[in-house]
Each structure stands twice: as C-alpha cells, then as structure tokens.
Amino acid sequence: MLQFIDTVGEAVAGIKDGSTVMIGGFGNAGQPFELIDALLDSGATDLTVVNNNAGQGDQGLALLIKEGRVRKMICSFPRQSDSWHFDAKFKAGEIELELVPQGNLAERIRAAGAGIGGFFTPTGYGTMLAEGKETRFLDGKWQVFETPIHADVALIKALKADGKGNLVYRKTARNFGPIMAAAAKHSIVQVSEIVPVGALDPENIVTPGIYVNSIVRVASAGIAEKVA
Amino acid sequence: MLQFIDTVGEAVAGIKDGSTVMIGGFGNAGQPFELIDALLDSGATDLTVVNNNAGQGDQGLALLIKEGRVRKMICSFPRQSDSWHFDAKFKAGEIELELVPQGNLAERIRAAGAGIGGFFTPTGYGTMLAEGKETRFLDGKWQVFETPIHADVALIKALKADGKGNLVYRKTARNFGPIMAAAAKHSIVQVSEIVPVGALDPENIVTPGIYVNSIVRVASAGIAEKVA
Amino acid sequence: MSTLETSLQTSAEPLGRNELAQLVARDIAPGSFVNLGIGQPTLVSNYLTEEQNITLHTENGMLGMGPEAVGEQIDGDLINAGKIPVTELPGASYFHHADSFAIMRGGHLDICVLGAFQVSAGGDLANWHTGAPDAIPAVGGAMDLATGAKDVFVMMTLLTRDGVSKLVEQCTYPLTGVGCVTRVYTDKAVFLTGPDGVTVRETFGCTFEELQALVPLPLKPAVS
Amino acid sequence: MSTLETSLQTSAEPLGRNELAQLVARDIAPGSFVNLGIGQPTLVSNYLTEEQNITLHTENGMLGMGPEAVGEQIDGDLINAGKIPVTELPGASYFHHADSFAIMRGGHLDICVLGAFQVSAGGDLANWHTGAPDAIPAVGGAMDLATGAKDVFVMMTLLTRDGVSKLVEQCTYPLTGVGCVTRVYTDKAVFLTGPDGVTVRETFGCTFEELQALVPLPLKPAVS
C-alpha cells in the first residue's frame with residue numbers, strides 16, 4: 001500500500017539489520033543521498049548493498065561503508081579515485097565484494113522484478129567473472145548463466161511522483177531507479193515534487209505506482225546539482 | 001541506416017520469401033494494416049509470422065493467411081470468433097502453429113532484442129505448452145527454459161517519429177511495438193506524423209531510433225479509430 | 001458442528017453472476033492492484049467502490065483502466081485484453097507488452113480473477129483448453145496471470161450443465177497453472193484452496209452437507 | 001612485396017593521441033551508433049563531423065550524447081559513463097539501465113571504441129584488471145561493450161612503457177572478452193584482427209618489417 005511519508009527518517013525506519021538494500025544512482029546522478037543519510041542514522045547494519053559503485057568521497061554510501069554497516073557490496077565498479085572508504089574496508093578484509101559486469105547487474109535486477117529465474121548472456125564468458133558459472137552455447141555464442149538479484153528494499157531518487165506513486169525521472173539520473181523499484185519488495189522513493197493524480201501524462205510515466213511503496217519529498221532532490 | 005520511405009510498397013519491398021516477420025498490434029490496436037496490405041501485395045511467401053493473434057475478419061494478417069503466404073504462426077491467441085481464415089488453414093493442416101503464452105511471447109521477443117540467449121520462467125510449468133522443455137527449480141519455483149524469438153523484419157505502427165527515428169506510441173496501441181523493433185534485424189514503422197529532430201521530449205521517447213530502419217508516413221495511422 | 005454454525009456463512013439462495021461479482025469485489029483489499037480476466041471476472045469491476053482505490057491492470061499495456069467506453073469515449077487505441085474499448089482513469093500509465101507482463105510475472109499484482117473449467121483440490125487451474133482433438137488451442141495471458149499474481153481467485157459455476165463438479169480432485173482438462181488458485185467463488189459456495197485441502201468459507205442456498213454431496217473431494221468448513 | 005607497397009598505407013611519424021582519435025573518427029561509417037569508452041576513446045568525439053551524423057550512446061542511459069558540458073551547461077543529472085557532465089543533442093533519448101545495456105548486449109551498437117592493456121591475435125581483449133593480487137577489481141560496462149557491439153575498436157599505444165608489445169599471441173592479463181576485437185588503432189599501426197590472423201592496414205613512422213620486429217606474432221600486410 002502506497003504511503004506518503006513526511007521525513008526520510010520515518011521512510012527508512014523499517015529497514016532491518018541484514019537486509020539487502022538496492023540504492024539507485026550512477027555516480028552522483030540519481031543517488032538518493034538523503035535516504036542514504038537517513039539509513040546511516042537509523043543504525044541498520046549487516047547490510048548487503050546493491051549499487052553500481054561502492055561509494056565516493058565522504059558522503060552517502062561511502063559513509064555507510066566507513067561506519068561498517070555494509071557486510072557485502074554487489075556492484076560493477078567499486079574502485080574510483082575517491083572510493084577510499086571501500087578500499088580500506090576491502091583491503092582489511094572487512095567487506096565482501098560481488099563484482100558484476102554492469103550490464104549483468106542491470107539485467108539481473110530487471111530479472112528479479114520481471115519474475116525471471118535466471119538467464120544466459122554472453123557478457124563475461126571466458127573471463128574470471130564467469131568462473132564456476134554454468135555456460136551454454138546459444139544463438140551462436142557461448143553464454144553464461146546469471147541469476148536475479150532480489151532485494152528487501154530499494155532507495156531511489158526520482159523527479160516527481162503523483163498521488164498514485166507514478167514516477168518520472170530526470171535525464172541520466174533515471175539509471176537504476178526503474179529496475180530497482182521493480183526488484184525490491186519495498187521501494188522507498190525520494191522526489192523533489194509530489195503532483196496531483198492526473199498531472200503526469202500516462203504516456204510518459206517511467207515507473208508505474210505499482211512498484212512504489214513509500215514516497216518522501218526532499219526539497220533538493222531531482223533539481224540539477226551544479227557540479228564544481 | 002535510417003530511411004524515410006514514401007510508400008508502404010517500397011517499405012516492404014525487401015522482405016524475402018521465407019522470412020520471419022514480427023507484426024505489432026494486439027487486436028486492431030497498433031496493428032500496421034497498411035504495411036500488412038503492402039506485404040500481401042508484395043507477394044512474399046513462406047513466411048513465419050509472429051503476432052499475438054492469427055488474424056481477424058477479412059483484413060490484414062487474416063488475408064495474408066488466407067492467401068497461403070504464412071507457413072507458420074507464432075502467437076498466443078489464434079482462436080477468435082472471427083479468425084476463420086486461420087481456423088480453416090489450421091484444420092486443413094496448411095499452417096503450422098507455435099502456441100506461446102502471451103507473457104512468454106513478449107519476454108522471448110524482448111530477450112532477442114536484449115541479447116539474452118534463453119531464460120527460465122515459471123509461466124507454463126506443468127502444462128502441455130512446456131512439454132519437452134527443460135525445467136529447473138529456481139527462486140522457490142519450478143521454471144521452464146524459453147529461448148529468444150528473433151526476426152528478420154518487424155512491421156510496426158507508432159504515432160510519431162522524429163527525424164532520428166525516435167518513436168512514440170498512443171495508449172494501448174504501444175503493446176508489442178517497442179520490443180519487436182528491438183528484436184528484428186530490420187524494423188519498418190508506419191507513423192501518422194513525422195516531426196523534426198528535437199520535437200519529441202528525450203524523456204518521453206519510447207523506442208529510440210537505433211531500433212528503427214525504415215519509416216513511412218500513413219495518413220490514418222495512429223489516429224484513434226472509432227469502433228462501431 | 002457448533003463451529004460450523006458460528007463460522008460458516010450461508011445464504012438462502014445460490015448466487016447469480018452479479019451477486020458473485022459483488023462478493024468478489026467486496027473481498028478485494030483497499031489499494032490492491034488487480035487484473036480481471038475476460039468474461040465473468042470483468043463483472044467485478046462494476047462493484048468496486050471509489051473508497052477501495054483499486055487499480056486495474058490490463059495485460060495489453062495499462063494500469064489504471066477505467067470502465068468500458070461508451071459513445072464518444074470509444075477509441076480503437078484504448079482497449080482491454082478482451083479487445084473491448086475501455087477508458088483511462090486519472091493516474092493511469094501505459095507500457096509495452098514485456099513491461100506489462102513483467103508486472104504479472106514478477107508477482108506485483110495482488111489479485112487476478114479468472115474463469116475456469118476446473119480447479120483441483122491443490123489449486124491447479126484448467127481454464128484455457130478443452131483438450132478436444134479438433135479444438136484450436138489459444139492461451140493468451142492465462143498462464144502468466146495464473147502463475148504470476150499473489151492471489152488467484154476463480155469465478156465459476158460449481159457444476160457443469162451436466163451437473164458435474166468443476167471443483168475436482170485432479171483436473172482432467174489441460175492445466176493452465178499448477179497450485180496457483182487460492183480461492184474459488186461459485187454460485188453455491190466460496191472455497192479456499194491450499195496445501196491443507198479445501199475449506200468452505202460460505203455456502204449459498206445449500207448446507208455444508210448438501211455441498212459436500214456435490215463435490216467429489218473432502219471439504220472442511222471454515223472455523224473462525 | 002609489391003602488394004605491400006601498393007596497399008599498405010604508411011606515414012612518416014608515429015601518431016599522437018589526437019591524430020589517432022582523428023583517424024578512428026574518420027573510419028566510423030556515416031549514421032553509426034557508437035559508444036566511446038572512458039579515457040583515450042573519448043577523444044574520438046572531438047573529430048566526428050556533423051555530416052557523419054553519428055549518434056553517441058552512453059551506457060548510463062542515453063543516446064544522442066553531446067560534447068562535454070562547460071560552464072552553465074553543467075548539470076549533475078546529465079553525465080556520461082565516466083561521470084563527466086555532458087550535453088544533450090536534439091533527438092536524444094533517455095532510458096533506464098537495463099534498456100541501455102540491452103542496446104549494447106543486443107548487438108545494436110555499430111561500434112564501440114575501448115582502451116586496452118592487451119589484445120590477442122584472436123581478438124581477445126584485456127582492459128579491466130591488472131590481475132595484481134592487491135588490486136581492487138572494477139569492471140563497469142567493459143565486458144558488455146566488448147561482447148555486445150558489432151565492431152570493437154581498440155585504441156592503445158602499441159608498446160608498454162617498458163617497450164613490450166600490447167598486441168600479443170595470448171593475453172596474460174585477465175580477459176574482458178573473447179575474440180571480440182576487430183581493429184586495433186595504435187600509435188605505430190592499425191591492425192585488423194580476425195580468425196585469419198592479424199593484418200596491418202597502415203603503419204606510422206615505421207615500415208612493416210620494423211613493425212613486425214616489435215610484435216611477437218606473425219603479421220600480414222593488407223592487400224587491396
């Protein structure tokens with residue numbers, strides 16, 4: 001049942017220790033910083049986090065990692081010039097890493113939302129990321145068996161929600177939001193604006209409200225951030 | 001390379017005997033009648049046709065079947081009150097039928113466009129439509145292995161195209177168009193309107209032009225048909 | 001039988017199609033996302049109230065489907081899965097076929113309501129094919145709906161025209177889905193199906209014992 | 001060697017990074033859909049002409065990507081796969097990550113241009129991981145790009161800083177993709193890779209024989 005929630009703190013209050021949490025965003029675009037900060041404040045720990053990266057600088061997911069709340073990262077690109085908190089935890093053996101090619105990450109998340117129990121894809125065949133995985137020759141190519149990534153919760157940033165929970169995004173901040181909303185049992189979305197039912201064109205809705213459970217308005221969210 | 005073509009006849013001229021042709025539409029909504037008529041006129045035969053249905057009444061796909069141009073139908077719902085041409089050919093043993101649950105049809109078409117060599121899905125498990133197919137217990141359910149449906153050509157109806165071939169559709173006429181455009185080697189699209197590059201909002205494009213090869217304007221296409 | 005008398009609801013008469021649709025509608029929890037199958041299940045939409053805030057899905061690509069279109073509302077580009085012109089409610093959304101079936105197949109619909117030829121004690125559903133050798137098979141979205149929704153409600157008459165129960169120990173018609181049905185709404189009773197067998201929630205125009213005499217499998221009365 | 005002298009192009013000097021990017025840009029067929037990898041391949045966009053009508057894809061969800069954003073154009077919601085702010089050209093479109101990777105993985109991109117640590121005679125690519133035991137691995141979209149595009153062009157210097165050829169019989173670094181590279185653009189030559197071995201299309205600042213001396217696998221000169 002869709003809920004409109006007043007604060008990010010209340011929105012994330014139900015996230016339990018040990019949960020698998022998908023976090024939208026690619027780099028800073030679409031990253032729900034306010035929800036991540038609230039998750040940090042909530043004290044939830046022993047989390048498995050699914051995100052394309054493993055945190056940048058001293059904010060958001062990077063802080064969650066720094067504070068030892070993340071048991072395992074499932075991501076495609078953990079190593080960045082400013083991913084020092086992940087780097088330190090990883091080198092200390094204090095965080096588990098499941099490294100997934102970015103397209104497999106996206107398709108595995110999509111599979112979870114679409115009720116697909118597994119699929120074969122050529123990506124990764126013959127590489128160390130496919131070691132130990134089942135392979136099969138299909139459509140003229142060797143392919144690797146990949147399984148869905150399910151989650152308990154998704155934290156997502158969108159531009160606008162209407163009263164039915166339908167979402168639209170902004171430019172490349174869309175990225176993982178729609179597929180994570182579908183893959184998680186409970187989707188928590190921060191938006192910059194909540195508009196009345198009927199204010200979004202039905203042709204242009206990107207995430208239908210059926211995939212959305214909790215919506216919280218965050219004043220800055222979705223407004224173009226100016227990057228120095 | 002994207003081409004804007006003057007007539008439906010020229011648009012379908014390259015379709016060879018023996019081709020697999022996907023035809024968009026669910027019932028009459030989104031069905032590219034003018035392109036189908038042109039395909040009939042072209043004389044192409046021995047076709048495998050992928051469509052949700054197997055023709056209705058005495059128009060479009062039904063005529064293609066009546067004229068013996070269709071060797072095989074891949075569809076989910078061939079039997080309708082007015083599918084008499086298919087019925088007759090099928091009972092005479094003159095057309096092959098691959099019956100596919102509608103969601104498997106959609107997902108198999110999507111798989112072809114997305115480079116997925118096969119997938120497991122619970123739909124159909126334990127039924128005669130899964131007989132002889134590989135099964136596997138995944139995510140707590142028995143699932144059936146399904147393979148992509150590729151096509152040589154897709155015939156699609158959309159509402160508008162811009163100069164880059166980006167498409168938008170209208171209401172439930174969208175149905176199979178986007179996934180067929182991606183699954184076929186060559187997509188031929190009839191639209192009611194061609195607009196300049198930049199006239200469609202990049203946030204609202206449903207089929208990016210990368211999936212579109214030929215566009216032909218058909219005056220009536222996409223305009224709401226009034227059904228008696 | 002005291003628990004039976006206190007818990008099992010009964011009515012004096014068998015239910016008509018519309019009364020049954022009304023009953024199903026009343027049983028759908030507020031805020032649910034629902035797909036109504038072609039035929040009898042479509043009647044349910046006539047009895048959903050605004051307060052229930054139900055969102056209807058149609059598998060040909062829409063959430064927020066409104067009532068059947070009439071007169072000037074009729075638009076060939078806006079139809080339901082039965083190819084009937086329908087309307088769009090505020091807050092609707094359109095999507096392509098793979099996205100639409102992902103909604104079903106991914107387990108996101110709360111309820112789908114389907115007709116049936118037969119339902120088995122274990123919740124197997126047969127509703128797509130008579131199995132007759134000369135019949136042209138046509139499945140549509142039935143298997144996806146049966147397999148994907150969180151709850152599958154069946155609406156049917158309990159008996160065939162020949163007086164044979166459609167609620168059976170094992171289906172003899174070709175299956176649509178295995179162990180998928182959770183409730184069966186019939187003119188004579190509402191049945192709950194599940195791993196523990198078949199429970200009767202209410203009877204219409206018959207006693208539990210009269211109902212049991214019609215159905216060739218053991219029934220249990222509901223207890224509160 | 002007469003065919004060599006008539007078909008194999010040469011230039012007097014090795015190519016710099018920008019000259020190489022210019023060469024790659026010139027080799028991209030008009031109307032192509034292209035993904036330019038992070039780093040050196042990004043330079044190619046500087047040399048694409050309007051007449052070529054190339055559409056650039058960025059795997060984080062966009063077709064029709066324009067040049068890097070400057071000043072007031074910079075918008076944190078509009079970045080490329082390297083997380084650099086970029087611009088949007090008329091006719092652009094946005095989509096989510098699964099749809100974006102379906103464009104690559106479904107074989108719809110004509111060309112992707114990638115950097116490399118090593119390329120093998122058979123077109124194997126190693127460009128994501130040094131394999132050093134203490135290195136944190138990070139793959140991003142490299143494997144999808146390598147596997148999905150119709151043609152994979154590699155841009156790299158032919159030799160490491162230590163003077164070792166990066167074009168090798170077999171890759172020693174962990175692979176990104178198997179048999180996927182079709183062309184290798186280097187400062188010293190352009191190589192075509194395929195099942196028939198490695199063909200040299202042009203050399204820069206060296207003769208075919210001098211090039212062969214640098215590369216530990218048999219090369220063939222191009223014939224027209």
Side-chain angles (χ1 to χ4, degrees), chain B residues 26-30 52-54 56 75-80 83 86-87 90-91 97 99-111 113-114 121-130 141-142 159 169-180 206-207 222-228, chain C residues 38 58-62 65 69 71-86 88 92 94-107 124-126 128-129 131 134-148 171 173-180:
Chain B
F26 179 90
N28 289 338
N52 188 62
N53 303 107
Q56 299 175 265
C75 67
S76 87
F77 208 81
R79 186 193 65 230
Q80 298 184 92
S83 59
F86 176 82
D87 298 4
F90 185 76
K91 288 183 175 166
L97 171 64
L99 187 71
V100 183
Q102 198 173 147
N104 284 0
L105 186 67
E107 189 70 19
R108 291 175 62 191
I109 294 168
R110 191 253 171 204
T121 174
T123 294
Y125 176 77
T127 76
M128 57 185 269
L129 297 187
K141 288 177 192 168
W142 280 101
L159 179 65
Y169 300 81
R170 187 165 178 279
K171 301 188 184 282
T172 59
R174 184 184 303 193
N175 56 66
F176 285 94
I179 52 175
M180 287 182 169
V206 176
T207 295
I223 294 169
E225 295 162 47
K226 298 289 175 181
V227 174
Chain C
I38 297 171
T58 183
E59 58 263 39
N60 53 315
M62 182 187 196
M65 179 174 67
E72 282 299 301
Q73 293 174 324
I74 291 171
D75 178 340
D77 284 344
L78 180 47
I79 60 176
N80 67 13
K83 291 158 193 156
I84 309 288
V86 292
E88 168 192 301
Y94 296 103
F95 24 76
H96 64 58
H97 242 80
D99 280 351
S100 185
F101 276 80
I103 287 176
M104 285 193 271
R105 295 154 65 97
D124 294 353
L125 172 67
W128 74 282
H129 189 25
D134 64 337
I136 296 176
V139 65
M143 290 185 179
D144 304 287
L145 285 165
T147 308
C171 294
Y173 286 108
L175 291 189
T176 307
V178 175
C180 54

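None of the values given here were measured: they were computed from a predicted structure. Note on naming: letters A, B, ... go to the chains in the order of the sequence lines (proteins, then strands), and numbering restarts at 1 for each one.
- Nearest approach of B/G103 to C/F101, heavy atoms of both residues: CA-CD2, 3.2 Å.
- Within the model, atoms CG of C/D77 and NZ of B/K171 stand 8.5 Å from one another, a figure rounded to the nearest 0.5 Å.
- Interface residue C/N80: only backbone heavy atoms are found under 4.5 Å from chain B.
- Most heavy-atom pairs under 4.5 Å with chain B, from the set C/P137, C/P174, C/G179: that is C/P137.
- The heavy-atom pair separating B/N104 from C/D144 by the smallest distance is N-OD1, 3.8 Å.
- Considering NE2 of C/H97 and CZ of B/R110, their distance stands at 15.5 Å, rounded to 0.5 Å.
- Residue B/F90 touches chain C through its side chain alone, counting heavy-atom pairs closer than 4.5 Å.
- In this structure, chain C has a heavy atom under 4.5 Å from the side chain of B/L97, while its backbone stays farther away.
- Atom OH of B/Y125 has more than 12 neighbouring heavy atoms from other residues, nucleotides or ligands inside a 6.0 Å radius.
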### Query
Given the rule in the side chain to side chain contact (heavy atoms under 4.5 Å, CB included) test, do C/I79 and B/F26 qualify, once you have shown the distances and angles that lead to the verdict?
CA-CA 9 Å; C/I79 60 176; B/F26 179 90; 4.1 Å; yes
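- Residue B/T172 holds its OG1 atom at 10.5 Å from CZ of C/F95, rounded to the nearest 0.5 Å.
- Between C/G141 and B/Q102, the shortest heavy-atom distance links the atoms N-NE2, 3.4 Å.
- For chain B, the option among C/A81, C/A146, C/G148 with the highest count of heavy-atom pairs below 4.5 Å is C/A81.
- Looking at B/N53, only its side chain comes within 4.5 Å of chain C, counting heavy atoms on both sides.
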### Task
Carefully, step by step, assess C/D75 and B/R170 under the rule side chain to side chain contact (heavy atoms under 4.5 Å, CB included).
CA-CA 11 Å; C/D75 178 340; B/R170 187 165 178 279; 2.6 Å; yes
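- Contact of C/D134 with chain B is made through the backbone alone, with heavy-atom distances under 4.5 Å.
- Contacts of C/Y94 with chain B are made by both backbone and side-chain atoms, with heavy-atom separations under 4.5 Å.
- Heavy-atom minimum distance, B/T127 versus C/G177: CG2-N, 4.3 Å.
- In this structure, C/V139 and B/P101 approach most closely via the heavy-atom pair CG1-CA, 3.6 Å.
- Side-chain atoms of B/Q80 and C/K83 include a donor-acceptor pair closer than 3.5 Å.
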### Task
Before giving the answer on side chain to side chain contact (heavy atoms under 4.5 Å, CB included), spell out for C/V178 and B/W142 the whole-Å C-alpha distance, their side-chain angles and the decisive distance to 0.1 Å.
CA-CA 10 Å; C/V178 175; B/W142 280 101; over 6 Å; no
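- Listed here is the closest heavy atom pair of B/M128 and C/W128: CG-CZ2, 3.6 Å.
- Within the 4.5 angstrom heavy-atom criterion, only backbone atoms of B/V100 (N, CA, C, O) approach chain C.
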